There are 2 protein chains.
Amino acid sequence: MADIPSSGTSKQRKGNGQPGSDYETGLSEDEQLDIRIWLRLLTCANLIERRVRKNLRDKFNTTLPRFDVLAQVDRTPDGQPMRELSRRMMVTNGNITPLVDRLVEDNLIRRDPSPEDRRVQHVRLTENGRQALDEMFPAHSSWVNNLMANLDRDNASQLYALLGELKTSIQTAERDED
Amino acid sequence: MADIPSSGTSKQRKGNGQPGSDYETGLSEDEQLDIRIWLRLLTCANLIERRVRKNLRDKFNTTLPRFDVLAQVDRTPDGQPMRELSRRMMVTNGNITPLVDRLVEDNLIRRDPSPEDRRVQHVRLTENGRQALDEMFPAHSSWVNNLMANLDRDNASQLYALLGELKTSIQTAERDED
DNA sequence: TTATATTACTTTAAGTCTAAACTATTTAAT
DNA sequence: ATTAAATAGTTTAGACTTAAAGTAATATAA
């Protein structure tokens, strides 16, 4: 996960000679800034994720992917097809199958075949699953809240907006890729 | 990875009645903002990570953790102990061992026992590893740069600063935990 | 209609990751 | 010096993740 670039190069690599270039890395200031944003982003995400994982394990004896499935499934009253789960969770299809298998075993969710399309399985919360989620959800919020408690509210709003800009930039770049 | 909270609750959960609370989630505006920051952060991190992983595989037939190890090892001329690698990469100790094993097999790094402390193994780049990294590093930068190309430079600087604030907030909260 | 492509999901093999238990070594405290 | 505690690294079992290949069902197109 961590992805910290070093000089990333042998001593031979020279600066590009342009203003704002860095002798060590051969990157322009803009390029360096981008990399630093990426690394800081990753560090923050890792720190938060680590805390959430630890608390889910310690306090609810579960894992983040399991919590994610429950939270996702709960987003729509009629449950969701597997493909929708994998799309929302940003993981591959093959990942979801065994994850859902285990949650079904534990009677937290169930699979209902779609009446319209026999390929589709709708995943829904069981009563058990709902209860579990109702306990976990506020705790999860409070953990995140706690980690950001020292962040000034104006800064928080701005950060949220800027992350939106970043997201747009990424999606634009990915769209142009194709 | 994705961690999208839904209503996360049955219909029974009521708003907390305070100004700015949300009937659906029972979260205050501040709490909602924090969760939204977290989710957006995670989305951005996932999008970038996914692109980097895909490009590492397609163009260099390698993986992100492998690249991370090489980049980390390169940061200090005399290599680094395993514990330092795991600390910097924010993964557990047990993760590093097989990862390093595979890279040693491929002759990209080597393990040198520390002369001072017989428990310690210093991990260093081989000439092969240096060459590989020298090819990968600029490519890696350009991928990230590309994803952020549509981000205004002022916004980028601000985002970097705010992520710093967030990081501090998280670390403060974690410190208080202990 | 019939062939072709697409879609939803599962399976497989291999890599990554974690927590926990373990070994070997070093450090600290008596 | 001897014991206890801490540290570096490895190993283990299990969960998660991916890409790629496979199966079944649906949609498209000729």
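Each chain gets a letter, A, B and so on, in the order its sequence line appears, and its residues count up from 1. All values derive from a computational prediction rather than experimental measurement.
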Classify Arg50(A) by what it touches in the nucleic acid, base, sugar-phosphate, or nothing, heavy-atom distance under 4.0 Å. nothing

Reckon Ser86(B) touches a base, only the sugar-phosphate, or nothing at all at heavy-atom distances under 4.0 Å? nothing

To the nearest Å, how far apart are [X] [atom1] and [N] [atom2]?
X: Leu85(A); N: dT17(D); atom1: CG; atom2: P; result: 13 Å
X: Asn46(A); N: dC17(C); atom1: CG; atom2: P; result: 10 Å
X: Arg57(A); N: dC17(C); atom1: CZ; atom2: P; result: 16 Å
X: Asp112(A); N: dA8(C); atom1: CG; atom2: C1'; result: 16 Å
X: Glu105(A); N: dG14(D); atom1: CD; atom2: C1'; result: 13 Å
X: Leu56(A); N: dA19(C); atom1: CG; atom2: P; result: 12 Å
X: Arg51(A); N: dT18(C); atom1: CZ; atom2: P; result: 15 Å
X: Glu116(A); N: dT26(D); atom1: CD; atom2: C1'; result: 13 Å

Heavy-atom protein contacts under 4.0 Å, nucleotides 6-12 of chain D, coded B base, S sugar-phosphate only, - none: -BSBBB-

Show the atom names and distances, to 0.1 Å, of all donor-acceptor pairs under 3.5 Å that link a side chain in residues 100-113 of chain A to residues at least two apart or in another chain.
unit_1, atom_1, unit_2, atom_2, d
Asp101(A), OD1, Arg111(A), NH2, 2.1
Asp106(A), OD2, Arg66(A), NH1, 3.3
Asp106(A), OD2, Arg66(A), NH2, 2.7
Arg110(A), NH1, Asp112(A), OD1, 3.2
Arg110(A), NH1, Asp112(A), OD2, 2.6
Asp112(A), OD2, Arg124(A), NE, 2.6

Are the side chains of [Y] and [X] in contact, using a 4.5 Å heavy-atom criterion?
X: Met136(B); Y: Thr62(B); value: yes
X: Glu165(A); Y: Asn150(B); value: no
X: Arg36(A); Y: Leu163(B); value: no

Glu127(B)/Arg130(B) ion pair, N-O < 4.0 Å: no

Of Thr63(A) and Arg118(A), the one whose closest DNA chain D nucleotide lies more 5': Thr63(A)

Single-linkage hydrophobic cluster, 4.5 Å side-chain cutoff, Leu64(A) and Leu133(A) together: yes

Any Arg102(B) side-chain N or O less than 4.0 Å from OP1/OP2 of dT16(C): yes

Before giving the answer on side chain to side chain contact (heavy atoms under 4.5 Å, CB included), spell out for Leu33(A) and Ser157(B) the whole-Å C-alpha distance, their side-chain angles and the decisive distance to 0.1 Å. CA-CA 7 Å; Leu33(A) 177 58; Ser157(B) 295; 3.8 Å; yes

